[in-house]
There are 2 protein chains.
Amino acid sequence: MKIDPNSPADLSVQIAQAIKDAIISGELIVDERLPSEAELSDHFQVSRPTVREALKRLAAQSLIRTQRGASGGAFVNRLSFEDAYAQQVTTSTLLLSMNEVSFDTACEARYALERACAPLSAARRSADQLATMRAEIFRQGQPGLTDVAFCASDVAFHRALVDGAGNPVLSYQLAGAVEAMQPLMNMITFTARDRAVITGLHTRIADAIEAGNSGAAVSGLQDLEDETRKLASDVFAARSGR
Amino acid sequence: MKIDPNSPADLSVQIAQAIKDAIISGELIVDERLPSEAELSDHFQVSRPTVREALKRLAAQSLIRTQRGASGGAFVNRLSFEDAYAQQVTTSTLLLSMNEVSFDTACEARYALERACAPLSAARRSADQLATMRAEIFRQGQPGLTDVAFCASDVAFHRALVDGAGNPVLSYQLAGAVEAMQPLMNMITFTARDRAVITGLHTRIADAIEAGNSGAAVSGLQDLEDETRKLASDVFAARSGR
DNA sequence: AGGATCTAAATGTCAGACTTTTAAATGTCA
DNA sequence: TGACATTTAAAAGTCTGACATTTAGATCCT
C-alpha cells in the first residue's frame with residue numbers, strides 16, 4: 001500500500017483508493033483488522049485527520065466498519081447482500097431522479113428484468129413466497145388503500161416474485177431496480193378500475209407461478225407492463241393537457 | 001436539516017444522512033452549492049473536521065463534489081450513469097468475491113438478465129453495436145490470445161449486446177453484473193475447442209440479433225449459458241480432483 | 001481596455017489535546 | 001477457586017486552532 005505524495009489528487013482520496021485496492025486484490029481479507037489510525041498516519045506520512053477522512057470514504061461504501069475501544073479499529077467488512085442492496089437502491093433512485101430517465105425507459109427495464117426471473121421463480125418459488133404474493137394481492141383489493149400504499153404493496157408483490165427465483169444475485173440486482181421505480185410509480189393515481197385490472201394481472205401471474213407455467217408468467221408480466229405504461233401515459237397526458 | 005445530538009450514532013454519520021436526505025428529497029438540487037464547511041459546522045454545532053468527515057462520506061458515493069478556491073465548496077453532484085455504473089461494478093465484484101457466491105448462481109443471474117435484453121437488442125441495436133459484436137467475435141478467433149484477453153473480449157461482446165437494447169437503465173444494471181463476473185470467469189482456462197464452441201455461439205447470437213430474431217437470440221444465450229456452466233463444472237471438478 | 005497582480009474565501013492538511021467507548025487485565029470477595 | 005467489580009490502556013470520536021493551497025474576482029497599472 002503506497003501513495004504518491006506528488007500526485008495532484010487529494011491525499012485522502014489516494015489513501016482510500018490504496019486501501020480499497022488492497023481489499024479488492026485480497027491483500028486484506030474479510031474481518032482483518034486494519035492498522036490503527038495512528039499507524040496508518042505514520043505509514044502514509046500524513047496526519048490522523050487525513051487518514052480518518054480516507055477511512056470515512058471507505059465506511060460510506062460499507063467496505064470497512066469501525067469499532068471503538070480497546071482492540072477496536074477498522075475492520076474489512078464482509079459486504080452483505082443487504083448492504084449491497086441498500087446501496088443499489090440509493091444509487092438507482094438518485095440516478096432516476098437526477099437524469100430525467102423517462103417513465104417508459106425505467107418501466108421497460110424493470111419488466112424486462114422481471115420477465116428474466118419469472119421462469120426461475122415458476123420453477124423454484126417456495127410456498128412462503130407464493131403466500132406473500134397472494135397476501136399482497138389481497139391487500140391490493142382492500143378498499144380505502146391509498147395510492148402510495150397500493151404502490152408499496154405492488155413492490156412487495158414483485159419482490160416476492162423476484163425472490164422466488166432463489167438466486168440472491170438476481171434478487172440483489174432486481175430489487176434495486178424495482179424499488180428505485182417506486183417514486184416514479186407514486187406519481188400515478190389509480191382508479192378503482194385500474195386497480196382491478198392490475199390485481200387481476202397479479203393473480204394471473206401468481207397462478208402461473210404456482211402452476212410452474214413460466215410462459216404464462218412471462219406473458220402476464222408483459223401485459224402488466226403494457227397496462228402500466230398505458231396508465232402512465234394517460235396520467236402524463238392528462239397532466240400536460242391541463 | 002437537523003441532527004439529534006443525543007443520538008448514539010456518530011455525529012458525522014448523522015450529518016451525512018441529513019444532507020443525503022436533503023438531496024434525495026429534492027431540498028437540495030443538482031449543482032446547488034452546499035453551505036461552506038464553516039457554516040455547516042456552525043449550523044450543526046460541531047467542529048469542522050466532523051463536518052468534513054461527513055462530506056467525505058457523501059463524496060465517496062458521488063453525491064457531492066468539492067471544489068477548492070474562492071467560490072468553491074461542495075456541490076450536489078448529478079449522478080452520471082458512468083458513476084453509478086462504476087459503483088455498481090465495485091459493489092457487485094466485492095459481493096461476489098466475499099460471499100462465496102457459486103459460479104453457477106452468478107452465471108445463472110447473468111444469463112437470465114442478458115436474455116431479458118436480447119429481444120430489445122434484436123429490435124433496436126445500431127449498426128455500430130452490431131459491428132462491435134462482430135469485431136469481438138473476430139478477436140476471439142485469433143490464435144495466441146490469452147485466457148484473460150479472451151474473457152475481456154467476451155465481456156465486450158456482451159456489453160455491446162446489452163447496450164444494443166438502447167435502454168441506459170438496463171445497460172447500467174447489466175453491465176455491472178457482467179463485469180463483476182469477470183474475475184470468476186478468469187479462473188477458467190479455455191482449450192482451443194472450447195473457444196471454437198463459444199465463438200460459434202457468439203456468431204449465432206450476433207446473427208440472430210442482426211436478423212431481428214429475438215427467439216433465436218434467446219436460445220443462443222441459453223445454449224451459451226449451458227456451455228459456460230458445463231465448462232466451469234469441468235474445470236472445478238478437475239481442480240478438486242487433484 | 002487589457003493584462004498582471006493582489007486579495008479573500010474556501011477547501012486541504014497538519015498538530016496536539018481531550019473525550020468516550022470498550023475489552024482485557026487486575027483485584028476482591030464469597 | 002470462581003464469579004463479580006474495578007482499573008487500565010488502547011483506540012476511535014471530537015475539538016481547537018493554525019497554516020497551506022487553490023481559485024475567482026477585484027484592483028491596479030500600463
Side-chain angles (χ1 to χ4, degrees), chain A residues 1-20 22-23 28 31-77, chain B residues 1-20 22-23 28 31-77:
Chain A
M1 288 200 302
K2 291 243 171 67
I3 59 170
D4 172 17
N6 300 322
S7 156
D10 291 346
L11 290 172
S12 69
V13 174
Q14 288 185 62
I15 294 170
Q17 190 61 50
I19 297 175
K20 188 170 174 176
I23 293 174
L28 293 169
D31 290 336
E32 183 170 342
R33 185 178 169 284
L34 270 66
S36 73
E37 298 180 351
E39 289 167 324
L40 284 173
S41 64
D42 189 54
H43 173 75
F44 289 116
Q45 291 287 299
V46 299
S47 72
R48 210 182 129 216
T50 304
V51 167
R52 281 182 61 77
E53 288 184 4
L55 293 180
K56 293 313 132 192
R57 298 185 116 96
L58 300 175
Q61 300 170 52
S62 306
L63 262 71
I64 60 170
R65 61 178 185 279
T66 56
Q67 219 174 346
R68 289 167 72 157
S71 77
F75 298 82
V76 178
N77 206 9
Chain B
M1 289 199 300
K2 292 241 172 69
I3 59 169
D4 171 17
N6 299 322
S7 156
D10 292 346
L11 291 172
S12 69
V13 173
Q14 289 185 61
I15 294 170
Q17 190 62 50
I19 297 175
K20 187 170 175 177
I23 294 175
L28 293 169
D31 290 335
E32 183 170 340
R33 185 177 169 285
L34 270 67
S36 73
E37 298 179 353
E39 288 167 322
L40 284 172
S41 63
D42 190 54
H43 172 75
F44 288 117
Q45 290 288 299
V46 299
S47 72
R48 214 184 122 215
T50 303
V51 167
R52 282 182 61 77
E53 288 184 4
L55 294 179
K56 294 310 137 195
R57 298 185 117 96
L58 300 174
Q61 300 173 298
S62 307
L63 263 71
I64 61 170
R65 62 178 185 280
T66 57
Q67 220 173 347
R68 290 168 72 159
S71 78
F75 297 82
V76 178
N77 207 7

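Within every chain, numbering begins at 1; the chains are lettered A, B, ... in the order of the sequence lines, protein sequences first and strands thereafter. Just the heavy atoms: all of them, side chains too, but no hydrogens, waters or symmetry mates, feed the values below. Values in this document were obtained by computation on a predicted structure and should not be read as measured data.
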| remark: Out of C/dT20, C/dA10, D/dT22, minimum distance to the side chain of A/R68 belongs to C/dT20

| said: Rounded to whole Å, how long is the line connecting atom CD of A/Q45 with atom C1' of C/dT13? | reply: 14 Å

| Rounded to whole angstrom units, what separation is found between the CG atom of A/D10 and the C1' atom of D/dT23? | 14 Å

| query | Quick one: does A/L34's side chain get under 4.5 Å of A/L55's, heavy atoms only? | reply | yes

| query | Are OP1 or OP2 of D/dA11 and a side-chain N or O of A/R33 less than 4.0 angstrom apart? | reply | yes

| message | Going by purine N1 to pyrimidine N3 plus the second Watson-Crick contact, or the G-U wobble pair, all under 3.5 Å, which nucleotide sits opposite C/dT21? | response | D/dA10

| Is the shortest side-chain N/O distance from A/T50 to OP1 or OP2 of C/dG12 below 4.0 Å? | no

| query | In whole angstroms, how far is the P atom of D/dT14 from the CD atom of B/Q14? | reply | 9 Å

| Integer-rounded Å distance: C/dG16 C1' and A/R52 CZ | 15 Å

| said: Counting only Watson-Crick pairs (N1-N3 plus N6-O4 or O6-N4) and G-U wobbles (N1-O2, O6-N3), all under 3.5 Å, who is the partner of C/dA1? | reply: D/dT30

| Taking the side chain as C-beta and beyond, is there a heavy-atom pair between A/R68 and B/D10 under 4.5 Å? | yes

| task | Please check the phosphate of D/dG25 (OP1 and OP2 only) for any side-chain N or O of B/S71 closer than 4.0 Å. | result | no

| note | Between CD1 of B/I15 and C1' of D/dT14 the distance, given in whole Å, is 11 Å

| said: Whole angstroms only, please: what is the CD-C1' distance between A/E39 and D/dA12? | reply: 13 Å

| Any A/R48 side-chain nitrogen or oxygen under 4.0 Å from OP1 or OP2 of C/dC14 | no

| Given atom CG of B/L40 and atom P of C/dA9, what is their separation to the nearest angstrom? | 17 Å

| Residue A/E37, side-chain atoms from C-beta onward, closest of C/dT11, C/dA15, D/dG13 | D/dG13

| query | Relative to the 5' end of DNA chain C, which residue comes earlier, A/S12 or A/G69, by the nucleotide with the nearest heavy atom? | reply | A/S12

| field | Validation row: B/L58, B/N77 side chains within 4.5 angstrom (heavy atoms) | value | no

| Within a strict 4.5 Å, meaning less than it, do heavy atoms of the B/R65 and B/D31 side chains meet? | yes

| said: What is the distance, to the nearest angstrom, from the CD atom on B/E53 to the C1' atom on C/dT11? | reply: 15 Å

| field | Contact nearer the 5' end of DNA chain C, comparing A/V13 with A/Q67 | value | A/V13

| query | Under 4.5 Å between any side-chain heavy atoms of A/Q14 and A/L11, yes or no? | reply | yes

| Is there a Watson-Crick or G-U wobble partner for D/dT16 with both distances under 3.5 Å, and which nucleotide is it? | C/dA15

